[in-house]
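Everything quoted here is computed from the prediction, not taken from an experiment. By convention here, the first residue in the shown sequence is residue 1.
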Amino acid sequence: MKSCSASTAATALRAAAAGLLAVIILGGAADLRASTRLAQAGGGSESSAATGLPDVDLTGTLLYQIMAAELALQRGDAGPAFATYLSVARQTRDPRIARRAAEIAVAGRAGPQALEATALWHELAPDSREARHAYAMLLAASGRLREAEPLFAVALRESPQPAAELAQIQQALARAEDRQGSFASLERLAAPLLDQPAIAADVQLTLAAGAHQAGLPDRAIAAARAALELRPNDQRIVLAAAQLLARPQGRDDAAGRRQALQLLVESLRRQPQALDIRLAYARLLLADEQRAEAVTQFEQVLAQDAENLDALFALGVLALDGRPPHKRARGYFEGYLQALEKAAGTTHDPDPAYLNLARIAEDERRFDESLQWLKRVEDGPQAFIARVRQAIVLAKMQRVDEARKLLADTSPAGDEQRRQLTLADAQVLREVRRFEESYRVLASALERSPQDATLLYDAAMAAEKIDRIDEMERLLRQLMQLKPDEPHAYNALGYTLADRNQRLQEAYELIDKALKLAPDDAHIVDSMGWVHFRMGNFAKARELLERAYALRPEADIGAHLGEVLWAMGDRDAARRIWRQVRAEEPDNETLSATLARLQVRL
């Protein structure tokens, strides 16, 4: 076997080093294999022009530095790795090494170091579009807008899609602390593009987004309107402008929504078959609390496209509170799942529909069916919720040991899920009337998290169930101090006092405060009606309870309304309400207690 000459060995080392650098920078296993073969073959030296590498002697020391830096990265020591790569990049003048240093700094969220390395990368590869882009983005994020602007201008001139390039630049500029300065820079960059008719509307939309993020609502609206004037029938422009107008503007948000709604109405008059615009209109109506009109718009979408997934799901959710309970909602969710099976390449998820169908079946006391829907949610973000609901349904089936084991076997992903498991365990015990144990579970959790508002509320409700009213009041008073704007704490204490016919004036004041905080909450309206009934104000009580029942036709509210009607002598109306309540929820405790106390048989 012949020995290698010194020059051949040097050539082999250079080839091997070049291959390793390629692997480190580009991650190419094929490059590693090719370089190894070249080294083994002892191939001749390649010129720096052919390889694209600087003409530098890649010594063993240099190679060792790079390998040590990679090992440091694997150990999580990004600082030394960055310093080594930056030093090597300055020695070798290799832009790829500078790029690697920049990547390490960016991954480590080290802004100044990333900017330093990217500046070197751009210096070493001035014609690289990628290097220029990265350097400009980091300059903008660092607030060095005047230095970034010329680089962005070059990128716009060279880009085959300048409107899309400007949109990326706008996002980079938005990260700068000087929001108005960044928008001024955006305007200067956009000015030459506004003279190009094919992209002027897109440029105006980008300006609108930039103005909005800069806190300039009037300028944002003007730019959105300018885009619409240029392309009034372009659905994408219409939707983007409407979305922008509807965003909170830091002043009168309702005015922005009204402008967006009017814009969508005008567009639908011109293009009544535009489904995306109609869907956007329906969603915005919901945001504006125009529920009935939103339902009409979603139904019009289905009239055009009977398998529209967005409309089917939205109508299902909106029908959940309808009467008869859930009947229409079930049909919409089942239709959604059928349409989803036929849809190709959709990002829509079946799991929310499974959860809603499980809820419907549970409310209808079809517990086996509810479990079947819940078991279909096998993984993903809804899986934890499905598992907790399975435990609750099992408890309603009196399978309490199975329910608690399911919860105990569930591994929480963080403190919030751990708390949810505790609350669910307490609810399981409450479902089977093991109220003392339910209270102990919550009290134990409160010892670990004494400032947890949800635990305070649930523990208070559990204390009421075991007739520890003083403890209930203590916990609710603590919750009021912790969250003075939480209406349900005031309502819970006020209702409990009213229901027990105690301290009625104080009960009224507590519920009145809750009602001011949440004037359309059906349960709080119900409480106010009930305290008026206890105080002998029957007419006012009837008015409030009828409103509460219209807002939310639940069994507890119906039972209260029936009792007020009974006390007022309208016993036929009372019986009608009670029969309706019993048909919908035959095991309701409030109704059963009311009928027993009044000695009424339906």
Within the 4.5 Å heavy-atom criterion, are Leu561 and Arg547 side-chain neighbours or not?
no

Looking at side-chain heavy atoms only, is the closest gap between Leu429 and Phe435 below 4.5 Å?
no

Which atoms form the tightest heavy-atom contact between Glu334 and Leu357, and what is the distance?
CG-CD2, 4.1 Å

If only side-chain N and O atoms count, and only distance matters, is there a donor-acceptor pair under 3.5 Å linking Gln420 with Glu416?
yes

Counting only heavy atoms not in Asp379, do more than 12 sit closer than 6.0 Å to its CG atom?
no

Can we call the ring centroids of Phe533 and Phe538 under 6.0 Å apart?
yes

Please lay out, stage by stage, how Asp521 and His488 fare under the test side chain to side chain contact (heavy atoms under 4.5 Å, CB included).
CA-CA 10 Å; Asp521 188 303; His488 297 291; 3.0 Å; yes

Is there a side chain to side chain contact (heavy atoms under 4.5 Å, CB included) between Glu436 and Lys465 once you walk through the steps?
CA-CA 8 Å; Glu436 183 70 44; Lys465 286 290 186 182; over 6 Å; no

Using 4.0 Å as the upper bound for N to carboxylate O, is an ion pair formed by Arg542 and Glu546?
yes

Tightest non-hydrogen contact, residues Glu554 and Tyr549, listed as O-CE1, 3.5 Å

More than 12 heavy atoms of other groups within 6.0 Å of Gln502 CD
yes

Main-chain N/O of Ala141 paired to Arg175 side chain as donor or acceptor, under 3.5 Å:
no

So, for Ile557 and Arg552, which heavy atoms are closest and what is the spacing to 0.1 Å?
CD1-O, 3.5 Å

Arg433, CZ: over 12 other non-hydrogen atoms inside 6.0 angstrom
no

Worked check of side chain to side chain contact (heavy atoms under 4.5 Å, CB included) between Met528 and Asp512
CA-CA 7 Å; Met528 183 57 82; Asp512 183 58; 3.8 Å; yes

Is there a side-chain contact between Met535 and Gln505 (heavy atoms, below 4.5 Å)?
yes

What closest approach, in Å, do Ala358 and Trp373 show between heavy atoms, and which atom pair accounts for it?
CB-CB, 3.8 Å

Exercise: do Asp526 and His560 side chains pair donor with acceptor under 3.5 Å
yes

Hey, does Pro484 have a side-chain heavy atom less than 4.5 Å from the side chain of Tyr490?
yes

Are Asp470 and Arg474 ion-paired here, with the side-chain N under 4.0 Å from a carboxylate O?
no

Looking at every non-hydrogen atom in both residues, tell me the closest pair between Trp530 and Leu545 and how far apart they are.
N-CD2, 4.5 Å

Pairwise side-chain contact, Met397 with Glu402, heavy-atom cut-off 4.5 Å (strictly under)
no

Considering only heavy atoms from C-beta outward, does the side chain of Gln213 approach that of Arg179 to under 4.5 Å?
no

Kindly determine whether Phe313 and Phe333 satisfy ring pair (Phe, Tyr, Trp, His ring centres under 6.0 Å), including the steps that lead there.
CA-CA 6 Å; Phe313 189 83; Phe333 288 126; 5.5 Å; yes

Under 3.5 Å, is there a donor-acceptor pair linking the side chains of Arg419 and Ser449?
no

For a quick check under 3.5 Å, do Tyr439 and Glu471 share a side-chain donor-acceptor pair by atom type?
yes

Is Arg257 paired with Glu289 through a side-chain N to carboxylate O contact shorter than 4.0 Å?
no

Taking atom CD of Glu299 as the centre, does the number of heavy atoms from other residues, nucleotides or ligands within less than 6.0 Å exceed 12?
yes

Could you go through the side chain to side chain contact (heavy atoms under 4.5 Å, CB included) check for Leu423 and Leu455 one step at a time?
CA-CA 8 Å; Leu423 295 170; Leu455 287 173; 3.7 Å; yes

Within a strict 4.5 Å, meaning less than it, do heavy atoms of the Lys483 and Leu456 side chains meet?
no

State, yes or no, whether a side-chain contact exists between Leu598 and Thr594 at a heavy-atom distance under 4.5 Å.
yes

salt_bridge(Arg575, Asp572) N-O dist < 4.0 Å:
no

Of all heavy-atom pairs between Ala339 and Leu309, which one has the smallest distance, and what is that distance?
CB-CD2, 3.8 Å

Donor-acceptor pair between Gln304 and Gln300 side chains, under 3.5 angstrom:
no

